[in-house]
Protein chains: 2
Amino acid sequence: MFNTLVNAAMTPEPSSAIHPRAGTDTVARILKAAGTLFAESGFDAVSMNTIAERAGVSKANIFHHFDSKDALYVAVLRQACENSTERLQRLGSDTGPFPQRLAAFAQHLLADMLDHAEVSRLILRELLLGGAQRGREFAEKVFGDNFARLVEILRAGQARGELRADIDPAMIAALLIGANVFFFEAQEVLRHFRDVTFAQDPARYSRMLADVLLDGILAPNDPAQRLSE
Amino acid sequence: MFNTLVNAAMTPEPSSAIHPRAGTDTVARILKAAGTLFAESGFDAVSMNTIAERAGVSKANIFHHFDSKDALYVAVLRQACENSTERLQRLGSDTGPFPQRLAAFAQHLLADMLDHAEVSRLILRELLLGGAQRGREFAEKVFGDNFARLVEILRAGQARGELRADIDPAMIAALLIGANVFFFEAQEVLRHFRDVTFAQDPARYSRMLADVLLDGILAPNDPAQRLSE
DNA sequence: AATACAACTGACCGACCGGTCAGTCAGTAC
DNA sequence: GTACTGACTGACCGGTCGGTCAGTTGTATT
C-alpha cells in the first residue's frame, strides 16, 4: 500500500479521478517540502515536525503516507533521481564534431545542475557523503548514467581519431564532471575569491573548461616541452 | 578561559609541566574523538554522549572544556584547518619548469588529502555544504590559501611564457583543485564503475590529470605522438 | 593543616525527537 | 438510511538530545 501510494505520486498523472479526496496532492506537497528541507540542511537536521509544518499537514499524516522518516527520504531521493535521469537523456548534442559535442555536454550538464540545484544537491549529498546506504543506489545510477554517457562520447572521439588515443576516457569524464560538480558545490565560496571572475557566469566557466580540456594550457609555440615522468 | 584552554590544546606543546593533573591531554582526546566522529557522520548525527564515550570522559567534562557542542565543533575545525595550513606550506616544489611544478602541486595536494582524509572531509563538509556558518571562515581560509598558491604558480608560468596567456589562471586552479576534490569525494563511488581503472591509484590519476591539463585531449596535428605511460 | 581551585563525575533537566493511536470526517456502495 | 474506507488530526509515548549543577577528587599554595 505504501509503495502504491508513493509510486502513484511519482508519476504526475491526475489521479483525482481515482481518489475521492481533493487532497491527493498531499503526498506531492509532502515530497516537495521534504525535498527542499533535506536539500537545504541534510537528513538529520530536518525534523518531521518541520516538514509537516512546511507541507501544511499534520505530522501524523506524513506517517500515514510514509512508513518512516527514512522511507520518506528514500521516496524524495527516488523522485529526484527519476527526474534527473529523465532530463539526462536529452542532454548535450549527439551529433557534430567532437569538440562541439564535448563543449555542449559540459555546458548543458552544468546548466542543468544549476537549474535544478535542489535536486542536484540532494543527489550529491547522498552520493558523496560517506556511510548512509539509504539511497546511494539511486544516486549512483543517475551519476553512473551520466558518466557512462560521457565516456561514450569520448570513446567515439577516439575512434574517429579526433581525440588522443593514449588517454583514459574515464579519466576525462571524471575530470569534466568533477570540474562541474566542484563549480556547483563551491560557487558560493568561489564567489568572493578575488582571483575568480567566473563565479557568476557558469556558461563562461563551461566554455573555458572545454577550451582548456581540448587544447591544454601550455603555450602553443613550443610543443616540445612535455611532462617527463 | 575557554579560549585559553583550546588554544593551548591546539599547540601541541607538552603542557604536562604546567598543568597539574595527568589528564591534561583530555582536551586533545576530546578533540580527536570529536574530529573522527564529526568527519564520519557530520555534526547533527553525532551526540555529545557518543563523543564522551569515545574520548573516555564524562559528557559533563566536555562541557567543562567547551562551552557548547558548536564551540567544540569550531575547535575541531580550527585545529583541522591549522594542521592543513601548516602542511600546505610545504606542498609542491617551488622551482623547476612549469609543467613539473604544476604536476607536483596536483600530486601532492591529492596525496595530502588522502593521507589526512578525516581532516579533509571535515573541511570540505563545512566548505561545500550549504548553510551552516559555524566555521566556514576557517575552511575558506585553508581553501583560499591553497587556491591563491596555485594561481600564483600559474601566473608565474604565464609570465615566463610557458603557459598560454589567453586563459584565466583562477579557472585552471578551480579545475585542478576541483578535479582533486572530486576524486577524493567520489573515490568510493568511482571504484565500482566498470570504465574506471584509476580509482585505487591516485598517483596515476594525478599524472593523467597533469598530462591532460598541459597538453589537452585533442589529437595533435602533426603525428609526433608520445608513448602512453 | 587549611585554603583554593581546576579537573572531573553522576544525576538530572526541559525540549524535542521519531513514531503511535484513538478518533473525526468526507465520500462511496448498497 | 447503514456500513465501510481512506485521509487526516491532536494528544500522547518512550527515548534521546544538548546542557546544568551539586559535589568529589587531586594538587599546588599558604
Side-chain angles (χ1 to χ4, degrees), chain A residues 1-9 14-34 37-38 41-76 132 134, chain B residues 1-9 14-34 37-38 41-76 132 134:
Chain A
M1 183 199 74
F2 156 71
N3 269 334
T4 309
L5 271 169
V6 172
N7 286 333
S15 54
S16 56
I18 303 171
H19 291 74
R21 201 60 163 262
T24 310
D25 65 335
T26 301
V27 172
R29 289 218 315 281
I30 294 171
L31 285 173
K32 186 181 173 189
L37 290 166
F38 283 145
S41 315
F43 181 81
D44 293 303
V46 176
S47 76
M48 295 298 270
N49 277 313
T50 307
I51 296 172
E53 197 175 339
R54 178 77 70 98
V57 299
S58 68
K59 186 175 70 167
N61 194 14
I62 300 183
F63 282 100
H64 172 69
H65 290 290
F66 301 92
D67 283 353
S68 64
K69 188 185 181 185
D70 271 270
L72 171 60
Y73 183 75
V74 168
V76 166
R134 257 188 302 260
Chain B
M1 183 197 76
F2 156 71
N3 269 334
T4 309
L5 271 170
V6 172
N7 286 333
S15 54
S16 57
I18 303 170
H19 291 72
R21 196 68 158 261
T24 310
D25 65 335
T26 301
V27 172
R29 287 218 317 281
I30 294 172
L31 284 172
K32 185 180 173 189
L37 290 166
F38 284 144
S41 315
F43 181 81
D44 293 301
V46 176
S47 76
M48 296 298 271
N49 277 312
T50 308
I51 297 172
E53 197 174 340
R54 177 79 70 100
V57 300
S58 68
K59 185 175 70 167
N61 194 15
I62 300 183
F63 281 100
H64 172 69
H65 290 290
F66 301 92
D67 283 353
S68 65
K69 188 184 180 185
D70 271 271
L72 171 59
Y73 183 75
V74 169
V76 166
R134 259 185 299 260

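Order of the sequence lines fixes the chain letters, A, B, ..., with proteins taken first and strands second; residue numbering starts at 1 for each chain. Side-chain atoms are counted along with the backbone in the values below, which use heavy atoms only and exclude waters and symmetry mates.
In this structure the side chain of Asp44(A) never reaches within 4.5 angstrom of the side chain of Phe43(B), judged on heavy atoms. At least one side-chain heavy atom of Phe63(A) sits under 4.5 Å from a side-chain heavy atom of Lys59(A). Taking 4.5 Å as the limit, every side-chain heavy atom of Glu53(B) sits out of range of all side-chain heavy atoms of Asn49(B).
Here Asn61(B) does not reach the OP1 or OP2 of dA7(C): none of its side-chain N or O atoms lies under 4.0 Å away. Within the structure, a side-chain polar atom (N or O) of His64(B) is placed less than 4.0 Å from OP1 or OP2 of dA7(C). Taking side-chain N and O atoms only, His65(B) has a distance below 4.0 Å to OP1 or OP2 of dC8(C). Distances shorter than 4.0 Å separate none of the side-chain N or O atoms of Asn49(A) from OP1 or OP2 on dG18(C). Between Ser68(B) and the phosphate of dG18(D), there is no side-chain N or O to OP1/OP2 separation shorter than 4.0 Å. Close to dC8(C), at under 4.0 Å from its OP1 or OP2, lies a side-chain N or O of Thr26(B). Side-chain nitrogen and oxygen atoms of Ser58(B) include none within less than 4.0 Å of the OP1 or OP2 phosphate oxygen of dC8(C).
Here dG10(D) presents its C1' atom at 15 Å from CD of Glu53(A), a figure rounded to the nearest Å. Here the P atom of nucleotide dC17(D) and the NZ atom of Lys59(B) are 8 Å apart, to the nearest Å. Rounded to whole Å, atom C1' of dA7(C) lies 17 Å from atom CZ of Phe63(B). Atom P of nucleotide dC17(C) and atom OH of Tyr73(A) are separated by 18 Å, given to the nearest angstrom. Summarising the geometry, the separation between CG on Leu72(A) and C1' on dC17(C) is reported as 15 Å, rounded to the nearest angstrom. Rounded to an integer number of Å, the gap from CZ of Phe66(B) to P of dG18(D) is 15 Å. The nearest whole Å value for the distance from the CD1 atom in Ile62(A) to the C1' atom in dC8(D) is 12 Å. Rounded to whole angstrom, the span from the CG atom of Asp70(A) across to the P atom of dC17(C) amounts to 16 Å.
Between Ile62(A) atom CD1 and Leu31(A) atom CG the span is 10.0 Å, to the nearest 0.5 Å.
Listed here is the closest heavy atom pair of Ile51(A) and Ala33(A): O-CB, 4.1 Å.
Candidate nucleotides dA7(D), dT9(D), dG19(C) were compared by shortest atom distance to the side chain of Ala60(A), and dT9(D) ranks first. Side-chain proximity of Lys69(B) to the nucleotides dC8(D), dG18(D), dG18(C) is greatest for dG18(D).
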